[in-house]
Amino acid sequence: MSEDFEPRITAFVCNWCTYTGADLAGTSRLHMASNVRIIRLPCTGRIDPLFIIKAFERGADGVIVSGCHPADCHYTSGNYHARRRFAVFHDLMEFVGVDPGRITFSWVSASEGAKWRDVVDEAVSKVRELGPFTAYRGLIDHNVSADHFEGLLTAVRADPAGSEAGQTEAAQVGAAVVTDDGDPS
Amino acid sequence: MKELRDLARQLLTDGTVDVVVGWEDSPRGARPIFAATPDDADKLIFDTRCLHNLATYLNPRRKQVTDLGKLALVVKGCDAKAVAGLLREAQLDRDRVVFIGVRCGGVCEDSMAPEPVELTPETIAPRCFGCDNREPHLVDHLVGDPLPEPPAPLLTLDERVAALDALTPEERWEYWTAQFDKCVRCYACRQVCPMCVCERCVADKSRPQWIETASHPRGNFSWNVTRALHLTGRCVGCGECERFCPAGIPLATLNRKLQLVVEERYLYRVADDPEVPAPIGDFRLDDQQEFIK
Amino acid sequence: MSRIGVFVCHCGENIARTVDCETVTATLRDHPGVVHSEDYKYMCSDPGQALVKKAIEEHDLTGVVVAACSPHMHEKTFRRACAQAGLNPFLCEMANIREHCSWIHDDRAEATLKAIDIARTIVEKVKHNRPLESIRIPVTKRALVIGGGIAGIQAALDIADGGHEVVLVEKEASIGGHMSQLSETFPTLDCSQCILTPRMVEAYQHPNITLHTWSEVESVDGYIGNFTVKVRKKARSVDETLCNGCGDCQAACPSKKIPSEFEAGLGKRTAIYVPFPQAVPNIPVLDRENCTLFKGRRKGLAKDACGKCKEACLKGAIDYDAEDAFVEEQVGAIVVATGYDLYSIGREQPEGLKGYGEYGYGEVPDVIDGLQFERLASASGPTGGAILRPSDGKEPKTVVFVHCVGSRDPDKGMSYCSKICCMYNAKHAMLYKHKVHDGRAIAFYMDIRAAGKGYDEFSRRAIEEDEAEYVRGRVSRIFRDGDVVRVWGFDTLSGEQVVIDADMVVLATAIRPQAGAKELAQKLNVSYDEHGFINEAHPKLRPVETNTAGVFVAGACQAPRDIPDSVAMASATAAKVLSLFSADELEREPAVAVVNETTCIGCLSCQRVCPYGAVEVKEILRRDGSVERTVASINPGVCQGCGTCQAVCLSKSIELETFTDEQVYAEINALALWE
């Protein structure tokens with residue numbers, strides 16, 4: 001990746017803890033990387049995984065989700081539900097091949113201005129290292145040509161589990177996994 | 001089979017139910033039947049070609065089915081788990097349906113075979129491996145002889161998941177985006193899934209449109225990932241989605257991964273007991289949070 | 001069509017120094033939907049607000065975005081201004097370009113681009129804001145005060161005098177708190193109990209105050225104006241309605257050697273006891289842990305091993321079978337005044353603190369802490385007010401006072417200053433010298449913090465009149481050597497090591513929140529810092545409120561604090577409570593969730609996750625009256641606006657006003673890399 005790459009990071013934070021913690025970082029003049037754009041929600045309980053997917057669709061290279069520590073949620077239990085929801089989302093993203101370094105989850109309380117600064121700086125540094133999310137941008141910019149579509153249709157009619165034509169090697173490995181064609185490797 | 005037919009005939013003739021929903025044999029193999037008369041009851045079968053999860057007919061949005069009146073439904077163990085899921089989410093009036101459970105020894109993957117298929121490692125449906133509900137609990141009647149454990153498939157679903165886990169992230173990304181690329185957004189997976197019961201699916205919401213509707217990799221990724229997320233802790237592993245997908249996307253493997261996640265993180269196994277609460281919507285104070293800073 | 005007005009604040013130099021406000025203003029002017037964009041030095045000032053109001057009128061604005069400080073600072077200010085100009089206040093939002101931008105970056109170009117992004121994001125959000133009306137909810141005009149120390153008593157009295165009922169819950173057998181243990185108070189050296197006990201009696205007798213002593217808060221449900229509090233009245237074993245405080249039971253009790261908590265371990269008490277003679281209420285409590293009868297019952301003895309107190313009681317008030325009872329109280333406001341405890345600095349330490357084992361506390365009996373010294377000095381204490389050392393009862397001729405034990409020490413103790421110790425050390429030195437004229441009082445200090453009214457004069461009296469010797473330096477070790485307690489210290493002003501053979505050492509140990517403060521805070525849903533002190537809503541502007549509406553905080557549970565400040569803070573909370581009670585209805589922000597009954601399938605996942613029980617089940621009827629289906633329905637009076645229901649709703653049939661999906665989507669979209 002080029003030296004000039006500056007990651008774009010969207011942060012979904014809860015109003016009562018992390019947003020206020022970020023305010024405290026400001027009041028304390030704690031300088032940090034400028035790549036993060038905060039979107040305020042009332043509680044991490046309100047944060048839907050679709051927000052994160054949409055952020056990536058709109059060009060974010062990384063996402064931060066942050067809220068109150070367990071037991072300290074302003075609404076008592078919103079963060080507990082968020083915790084399970086995001087554990088599952090984190091595991092699913094890892095399974096479909098999204099580098100977990102692109103999505104940062106944190107608990108930052110209203111008095112943890114310094115921790116917010118650390119979360120921001122670490123997330124920016126990590127995503128800068130990973131580079132722009134070209135893989136996702138590949139999805140976005142993907143232009144399906146008519147020929148390619150024809151090829152797909154033929155392949156689908158011939159072999160419902162996916163043909164080798166037009167697929168990458170990894171996809172072929174996966175196709176083997178799907179069609180019971182002996183040992184996966 | 002006789003036991004099943006006798007019971008169905010009984011329920012119809014004494015007016016307990018208006019229709020018995022089960023399977024019948026046909027020129028195109030085993031297929032669902034809505035048996036409303038005693039003659040129809042004689043057509044009921046249960047063999048290894050009865051893959052269909054008939055619980056999908058209990059979706060309250062299927063007005064043609066609810067209009068039929070009181071139902072009896074024949075269910076395998078996996079189907080019974082879906083029934084429990086519907087009860088858990090208040091989507092089923094328990095009084096409206098009589099459940100006939102069948103003892104199951106596994107099914108094959110080809111409902112259209114002309115004869116019942118002998119179960120071998122090559123023919124057994126991978127999802128049957130390790131089934132913990134071969135005698136469904138939730139039911140009003142239980143029919144059929146106890147059957148032997150299904151043979152292990154060449155590759156179980158868990159082994160498929162493990163094979164994918166063993167790839168590098170880049171390889172997994174290549175694999176899954178290639179798979180989702182094939183999606184034509186027919187929503188057959190949603191249509192057949194007994195747990196997809198939303199009146200207005202999130203994919204059909206347009207203000208705002210979180211999931212793009214075009215058959216384009218961007219929206220396809222979002223749709224397939226979101227459906228898997230929405231099924232977390234609710235999917236019963238019946239495999240119908242993958243069977244129905246005309247593009248051959250390995251949906252059963254994707255959903256199985258999330259089943260394994262909730263098993264490992266929250267010790268949750270989907271059961272046919274509606275009193276067991278679903279893992280998403282529940283929490284414990286000591287839930288895992290190793291992925292959170 | 002949107003007609004948004006954008007107002008960019010310079011905030012003096014706070015924003016303008018780093019963010020090019022003119023560029024932000026100009027860029028936003030060209031943003032689709034923005035019809036007016038201007039900047040000003042201080043938007044929150046009167047002329048600044050006037051600009052907003054003028055623009056609303058002149059440009060017929062449908063929304064206002066103020067790019068300035070955090071919404072936590074001034075959202076209310078600008079919403080009020082918009083309302084005054086006739087624009088629904090919920091059509092106004094703030095873009096945080098100060099705390100989240102100008103104050104944390106130094107590159108002007110980067111900060112300006114970021115400020116533009118932040119402003120554009122909020123403009124896109126506001127395009128989807130809806131005009132909302134405040135929700136009105138009824139207020140229960142009763143208050144709960146948790147903690148019966150001086151702060152709790154003051155708050156309770158002020159609210160009660162203000163004409164409203166108060167429930168005062170105290171976990172000990174008597175109200176009074178630590179102030180009742182003190183001998184004399186600085187800076188006046190008046191007798192602590194003399195000024196406290198009249199207040200205690202007043203609280204007990206006040207017609208508006210219900211006192212629950214030997215009680216704790218079990219659970220709290222609800223929200224501002226409508227709290228349901230469950231109080232556990234622990235089993236006293238004495239019927240409060242029958243007991244007349246005669247004290248015969250205590251005289252009859254054969255167990256007389258139990259260390260007294262009130263005497264800070266320096267004195268003894270009986271198993272059935274009143275903590276101190278002036279206790280309010282003057283009703284004893286039976287310590288089942290140490291009572292002979294209850295020890296026997298726990299061993300499974302067939303016959304009770306003792307019963308002397310019951311035999312002695314002429315009113316028949318003793319009940320060995322009493323159990324904890326629960327009382328439910330409905331209140332509209334809660335004041336937390338649970339006070340402090342001293343840091344125990346012996347070798348045994350809680351939660352990973354290192355302690356100061358080198359000072360010998362807990363091993364050397366003549367090394368005591370401040371509260372123990374108070375008991376020695378108290379006329380009603382274990383030594384009748386004579387300063388006698390614990391080991392042999394001899395009068396100590398040399399007493400060393402050590403400041404800052406556990407305070408101002410991020411490595412081994414607490415990082416903060418405990419505020420009151422410099423003053424009480426001076427007081428202790430003076431009290432000692434008043435009683436032991438030929439004694440030596442030597443104090444090791446780091447700084448003298450005597451900032452209150454009359455405090456510095458008081459502190460210097462100790463040195464100038466009572467000849468206390470102040471040594472600037474720290475103590476490295478305290479240990480017993482034969483008959484003396486040897487103190488190794490350092491005098492930084494002379495640069496020499498100091499060794500003192502003392503008869504007694506008094507350690508000024510750090511102030512900490514009471515044990516159980518964290519658990520109580522979690523029950524109340526208020527936040528606390530890493531030390532366990534309750535967090536105030538804003539350190540300067542909202543020092544007696546917490547971030548949980550309706551819960552206020554007073555006294556040392558929020559930070560180390562002396563008596564005058566605790567009393568002042570308690571009265572301040574009372575003012576807040578009385579202000580809350582001054583109207584019959586409370587106006588609440590309409591940030592509530594609403595169900596789309598057309599798409600809701602009644603799975604009730606929302607009901608499962610709602611922390612407030614705001615979701616009800618509603619039947620949708622056909623024209624003939626039969627039930628077509630059931631859906632979820634949210635009670636706007638109960639909903640607190642967290643939005644957890646919306647995120648669990650798979651069909652997206654719930655919208656949270658002020659944070660709708662349209663608004664969030666618009667914000668995410670505004671940050672798109674391309675159009």
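All figures in this text were calculated on a predicted structure; none of them were measured in a lab. Chain A is the first sequence line, chain B the second, and so forth, proteins listed ahead of strands; every chain is numbered from 1.
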Next on the checklist: Quick check on B:Leu229 against chain C: is it the side chain, the backbone, both or neither that has a heavy atom closer than 4.5 Å?
Outcome noted: neither
Next on the checklist: So for atom CD, which belongs to C:Glu133, do other residues, nucleotides or ligands contribute more than 12 heavy atoms lying within a distance under 6.0 Å?
Outcome noted: no
Checklist entry - Hey, are the side chains of B:Glu89 and C:Ile601 touching, using non-hydrogen atoms and a 4.5 Å cut-off? => result no
Next on the checklist: With chain B as the partner, which of C:Thr630, C:Val609, C:Asn596, C:Leu650 has the greatest number of non-hydrogen pairs under 4.5 Å?
Outcome noted: C:Leu650
Checklist entry - With only heavy atoms counted, which part of C:Gln607 is less than 4.5 Å from chain B, the side chain, the backbone, both or neither? => result neither
Checklist entry - Do you know which of C:Thr598, C:Thr660, C:Asp661, C:Leu604 has the most heavy-atom pairs with chain B at a distance under 4.5 angstrom? => result C:Asp661
Item to check | C:Thr599 versus chain B, the contacting section by heavy-atom distance below 4.5 Å | outcome: both
Checklist entry - Hey, does the side chain of B:Arg200 reach the backbone of C:Ser651 with a donor-acceptor pair shorter than 3.5 angstrom? => result yes
Checklist entry - Side chain, backbone, both or neither: which part of B:Ala278 has an atom under 4.5 Å from a heavy atom of chain C? => result both
Next on the checklist: For B:Asp282, which atoms come within 4.5 Å of any heavy atom of chain C: side chain, backbone, both, or neither?
Outcome noted: both
Checklist entry - If you draw a 6.0 Å radius around CZ in B:Arg94, do more than 12 non-hydrogen atoms from other residues or ligands fall strictly inside? => result yes
Checklist entry - Based on non-hydrogen pairs under 4.5 Å, which of B:Ala90, B:Gly281, B:Pro60 is most in contact with chain C? => result B:Gly281
Next on the checklist: So for atom CZ, which belongs to B:Arg284, do other residues, nucleotides or ligands contribute more than 12 heavy atoms lying within a distance under 6.0 Å?
Outcome noted: no
Checklist entry - Heavy-atom count around B:Glu263 CD within 6.0 Å, excluding the residue itself: above 12? => result yes
Checklist entry - Measuring from C:Tyr665:OH to B:Arg207:CZ, what's the distance to the nearest 0.5 Å? => result 12.5 Å
Next on the checklist: Measuring from atom CD of B:Glu199 to atom SG of C:Cys600, what distance do you get when rounded to the nearest 0.5 angstrom?
Outcome noted: 10.0 Å
Checklist entry - Between B:Arg227 and chain C, which part of the residue has a heavy atom less than 4.5 Å away: side chain, backbone, both or neither? => result neither
Next on the checklist: Treating C:Arg608 as the side-chain partner and B:Pro277 as the backbone partner, does any N or O pair qualify as donor plus acceptor under 3.5 Å?
Outcome noted: no
